[in-house]
Structures are given as C-alpha cells and as structure tokens.
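All remarks here apply to the structure that follows.
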Amino acid sequence: MTDSVLLARLAAPLQSWGSGSRFDRRDTQLHPTKSGCIGMIAAALGLDHTDDISHLAALRFGVRADRPGAPVHDYQIVGGGPMPLRPRDVITDHRRAAAAAAWLEGESGPAFGRAADTALASWYGAPKEIAPDEQTGALTAGNLHRDPMQTYRWYLADAAFVAGFQSPDCGLLEEIAAALEQPRRLLWLGRKSCPPSGTVAGGVHPGTLETVLRTTSLLPNATVDTPWLWCETPAGTVGASRTTDQPVTFDPERRMHAVRWETRTRLTPDPAPAIRWEELIP
C-alpha cells in the first residue's frame, strides 16, 4: 500500500514545544515535538485524555523549519503576599479549619479577615500549587508561603513550520485534515496560550515525508532557503539521535512518553515544487 503524507502549517505569534518542563521553568524546543503535534490532532478529533491514541502515535512525523523564529521568555510571579482567610477556605480545607478553630468561637471571635492578621499570619499566604486533597477531594493549596513563586516560560516568537504525518492509511489522514480545519476542541501550538494562526491543514499527498517536504514550496513568510528538516527514523539509523517525545498516553493519571529516533538534515526544496502553499492556503 502506498503511503501518503498530511501536511500541516504551524504558525503563530508564539509557540512553545516543551519536553522537560516544570511549573517554575517551562522550556521549549526549537521545533515542534511529535507529542505536542499528536496532542493537537487528538484535540481536533475530539478525543479525551484517557482515549487510546496508538493509531495517532503510529504516524511517522517530520517537521521543516521555514521560519525558525526567535526564543523569548516571559518572567512571572505567582502567589505573593498574605491573603485574608475566607469562610470557603475553612469549609473546603480541613487543615485551615483546624488552625482557625480557636479563633472562630462564634460571635465573640474575630472576623475571618482579621484572623489572618493574628494566629494565621505566619503560614497563610496566597494559594499556590492547587490540587485535589487526598482526604476530601476538594481543591486545596499545597504551598501557602507568602513569598511568590518565580516562573520562566520560554516561547518561539514569529516562527512557522511545515509538519508532515506519514501513514499508509489515507482515510485516517483525510479525517485528521478535516478535523484540523473544523476542530472539536481548541487547538494550540504546544501551550494553551499559543493558538495557531490561519489555515493549519495543507492537504494529503502521496509519497514519503522526505519526498513530499522536498517537493512542497517554502511558506510565503519563510526566512531561510535551505531549512532544517527533522524526520522520524528507525532506531539504528546512521546519524539519528534519540528523543523522548513518542506519546504513549495522555491520561493525566499515567501520562507516558517513549523514545523515538530522528535525523536532522538541511533540505533543499525543489526549484519547481509540485505543491505550492499559495494554492493550499486561501
């Protein structure tokens, strides 16, 4: 069976493709990750996080950097200063209820707001690291320090990529292409604050990643003539490097990624491309 390739245009003012991010420091790779792109496709198809994605993960992935963009970072602080104790805080969090009990003795006790200025002043701060409590299931803060948390979030600014997804199942690729233009869930390029701009799907074309991406014209706003191309390849391929962004499941309770291999090469597009973005993008 002959393989086909779905093309996708990944362009936006900001993109962020993290691989090892934590709350206080969110990194970005210099090109889209397979995990991030498969997640975008799953959202377009309307899949839940717990749904099986093995048919999507089996797609062979490649990406071309027509406009690499520039790394930028955003500095943020979260949860600085004291917060007044509210009735809701006592009701939903057993830890606060125990600490505030002595100061809330009916009509004679101090007001909720004043309690934070007295007995609770040393530990009650702005809520941070909010997650379900193990005992009650209610959302509670795991960090109540008054000092703010400092965070750094990295992005690619003004970048544009051409991603390709290769498969012998042309019907699946056509379904994905339609979903990318009429998604069932919101799409973003690596992070929820980075929605794609303009048309995403670039049609389904016969061939392999290498041939289709070579015979596809550069994007109209490309800044390079010979872009870098990252292509998924079998383990053991000469010159290939390993990356841990092969999605296994997006289930929040057991999120998992596996190792895959890819090559990086300079691509010289055909001088007379068979596929032109001017004809694919309205």
Side-chain angles (χ1 to χ4, degrees), residues 8-44 49 53 61 63-83 125-132 139-163 180 183 185-198 200 219 221 223-224 227-228 230 241-260 262 264:
R9 171 181 168 271
L10 307 179
L14 291 175
Q15 306 183 33
S16 187
W17 306 96
S19 61
S21 298
R22 297 293 183 268
F23 176 81
D24 59 342
R25 187 171 294 273
R26 299 287 179 86
D27 66 355
T28 181
Q29 298 293 304
L30 297 180
H31 62 86
T33 61
K34 181 176 182 179
S35 177
C37 290
I38 295 300
M40 180 183 69
I41 289 174
H49 285 111
I53 59 167
F61 175 70
V63 62
R64 193 181 76 186
D66 289 12
R67 189 179 183 93
V72 298
H73 78 272
D74 183 26
Y75 171 73
Q76 302 177 10
I77 58 174
V78 180
M83 294 283 285
K128 299 181 285 293
E129 299 178 6
I130 297 174
L139 292 178
T140 58
N143 183 341
L144 295 172
H145 293 298
R146 293 187 177 215
D147 294 335
M149 298 178 66
Q150 302 179 64
T151 72
Y152 298 85
R153 299 167 190 271
W154 285 89
Y155 301 88
L156 291 178
D158 197 26
F161 301 91
V162 177
L180 287 175
R185 302 184 190 276
L186 295 177
L187 306 183
W188 52 82
L189 303 186
R191 196 174 297 166
K192 292 182 180 180
S193 58
C194 305
S197 60
V200 177
L219 292 170
N221 62 346
T223 56
V224 293
W228 284 110
W230 291 265
S241 59
R242 58 179 287 166
T243 178
T244 311
D245 77 331
Q246 173 68 21
V248 177
T249 176
F250 294 133
D251 187 337
E253 298 296 327
R254 54 187 186 93
R255 188 185 302 273
M256 188 181 305
H257 295 81
V259 171
R260 68 181 183 89
E262 67 180 10
R264 186 183 76 152

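Please read these numbers as outputs of a predicted model, since none were measured by experiment.
Considering only heavy atoms from C-beta on, I53 comes within 4.5 Å of P247 through its side chain. Side-chain contact check for V200 versus R9: every heavy-atom pair is 4.5 Å or farther apart. Side-chain contact check for P71 versus W154: some heavy-atom pair is nearer than 4.5 Å. With a 4.5 Å cut-off on side-chain heavy atoms, V162 and V63 do not count as touching. Looking only at side-chain heavy atoms (C-beta outward), E262 and S241 come within less than 4.5 Å of each other. Using a 4.5 Å heavy-atom threshold, the side chains of I77 and T151 count as separate. Residues Q150 and Y75 form a side-chain contact, since some pair of their non-hydrogen atoms from C-beta on lies under 4.5 Å apart. Side-chain contact between L10 and M40: present, with at least one pair of heavy atoms (C-beta onward) separated by less than 4.5 Å.
Judged by distance alone, the side chain of Q15 and the main-chain N or O of A159 form a donor-acceptor pair under 3.5 Å. Side-chain atoms of T249 do not come within 3.5 Å of backbone N or O of R255 as any donor-acceptor pair. Between the side chain of R153 and the main chain of H73, no donor-acceptor pair closer than 3.5 Å is present.
In terms of heavy-atom proximity, P195 sits nearest to A12 at O-CB, 3.4 Å. In terms of heavy-atom proximity, L180 sits nearest to P183 at O-CD, 3.9 Å.
Distance check, rounded to the nearest 0.5 Å: CZ of F61 to CD1 of I38 gives 7.5 Å. One finds the CG atom of L156 at 9.5 Å from the CH2 atom of W17 (value rounded to the nearest 0.5 Å). To the nearest 0.5 Å, the span separating CG on D66 from CH2 on W228 amounts to 14.5 Å. For the atom pair F250 CZ and S35 OG, the distance stands at 4.0 Å (nearest 0.5 Å).
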Apply the test side chain to side chain contact (heavy atoms under 4.5 Å, CB included) to residues D251 and H49: give CA-CA distance (whole Å), side-chain angles for both, the deciding distance (0.1 Å), then the verdict.
CA-CA 5 Å; D251 187 337; H49 285 111; 5.7 Å; no
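Partner of Q246 under the side-chain hydrogen bond (donor to acceptor under 3.5 Å, both in side chains) criterion, chosen from H257, R260, K34: K34. Between Y155 and the options L14, T28, L189, a side chain to side chain contact (heavy atoms under 4.5 Å, CB included) holds for only L14.
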